[in-house]
Amino acid sequence: QVQLKESGGGSVQAGGSLRLSCEASDGYDSHIYCRAWFRQAPGKEREGVVGIYIGGDRTEYVDSVKGRFTVSQDKPKNEIYLQMDSLKPEDSAVYYCAYAINYSCSYDVLARRDYNYWGQGTQVTVSS
């Protein structure tokens with residue numbers, strides 16, 4: 001059982017940057033097929049921001065963050081990070097990291113249904 005914990009959230013002005021980290025309770029886990037970041041704003045559905053299919057070394061971003069957000073990972077540590085630049089007020093949300101042990105996550109790395117492990121979330125607030 002992997003426990004995830006996010007950190008790095010906070011409040012910034014539009015155009016600013018934040019770096020989120022997701023730490024796993026255990027180290028390397030060969031059963032992880034995908035890692036991802038999701039976010040949920042008040043009154044909205046949780047949406048996938050970026051997902052990584054580890055087996056195929058494939059990364060996908062939601063269109064609204066392309067060119068501004070960059071995901072990275074430390075495989076031996078089983079950790080994932082999200083560098084967020086040029087932040088906009090519409091990026092304000094609770095950000096969650098998630099890991100999947102289902103191979104089916106590879107079909108759509110941004111679909112929340114295939115993710116098994118979730119962190120508690122970290123708040124990101126961007127003011128205009």
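In this chain, numbering begins with 1 at the start of the sequence shown.
If you run side chain to side chain contact (heavy atoms under 4.5 Å, CB included) between Val50 and each of Thr70, Val62, Val65, Val71, only Val71 comes through.
Looking only at distances, a side-chain donor or acceptor of Asn116 sits under 3.5 Å from a matching main-chain atom of Ile101. Counting only distance, with no hydrogens or angles, the side chain of Gln40 and the backbone of Ala93 share no donor-acceptor pair below 3.5 Å. Between the side chain of Tyr61 and the backbone N or O of Arg68 there is no donor-acceptor pair closer than 3.5 Å. Although no hydrogens or angles enter the test, the distance criterion places a donor-acceptor pair under 3.5 Å between the side chain of Glu6 and the main chain of Cys97. Of the possible donor and acceptor atoms, none in the side chain of Ser25 sits under 3.5 Å from a partner among the backbone N and O of Val2. Checked by atom type and distance alone, the side chain of Arg58 pairs as donor or acceptor with a backbone atom of Ser106 at under 3.5 Å.
When all heavy atoms of Arg19 and Ser72 are compared, the closest pair comes out as NH2-OG, 4.5 Å. Across Ser92 and Ala41, no two heavy atoms sit closer than the pair O-CB, 3.7 Å. When all heavy atoms of Cys34 and Tyr115 are compared, the pair lying nearest together is CB-OH, 3.5 Å. Considering every non-hydrogen atom in both Ser128 and Ala14, the closest pair reads CA-CB, 4.3 Å. Considering every non-hydrogen atom in both Ala36 and Gly51, the closest pair reads CB-CA, 3.8 Å. What you find for Val109 and Glu60 is that their closest heavy atoms are CG2-CB, 3.7 Å.
With contacts defined as side-chain heavy-atom distances shorter than 4.5 Å, the pair Val12/Met84 does not qualify.
Note: Tyr53 OH to Asp108 CG = 13.5 Å, rounded to the nearest 0.5 Å. The OG1 atom of Thr59 sits 7.0 Å away from the CD atom of Gln73 when rounded to the nearest 0.5 Å. In this structure, the separation between CG on Asn78 and NE2 on His31 is 12.0 Å, given to the nearest 0.5 Å. Considering SG of Cys22 and CD1 of Ile80, their distance stands at 6.5 Å, rounded to 0.5 Å. Between the OH atom of Tyr96 and the CG atom of Leu4 there is a distance of 13.0 Å, given to the nearest 0.5 Å. Note that the CG atom of Leu18 and the OG atom of Ser11 stand 8.5 Å from one another [nearest 0.5 Å].
Using cut-offs of 30° and 60° for the angle between ring planes, the Tyr33 and Tyr103 rings count as perpendicular. Relative ring orientation between Trp118 and Phe38 is described as tilted, the plane-to-plane angle lying within the 30° to 60° band.
Looking at Gln83 and Tyr81, their side chains never bring a donor and an acceptor atom within 3.5 Å of each other.
With respect to the salt-bridge test (charged N to carboxylate O, under 4.0 angstrom), the residues Lys88 and Asp91 do not qualify.
Counted within 6.0 Å of CD on Glu47, heavy atoms from surrounding residues, nucleotides or ligands total more than 12; the atom is thus considered enclosed. Sparse packing is recorded around CD of Gln3, with 12 or fewer heavy atoms of other residues, nucleotides or ligands lying under 6.0 Å away.
In this structure, Arg35 is positioned above the aromatic face of Tyr99, its NZ or CZ under 6.0 Å from the six-membered ring centre and within 45° of the axis.
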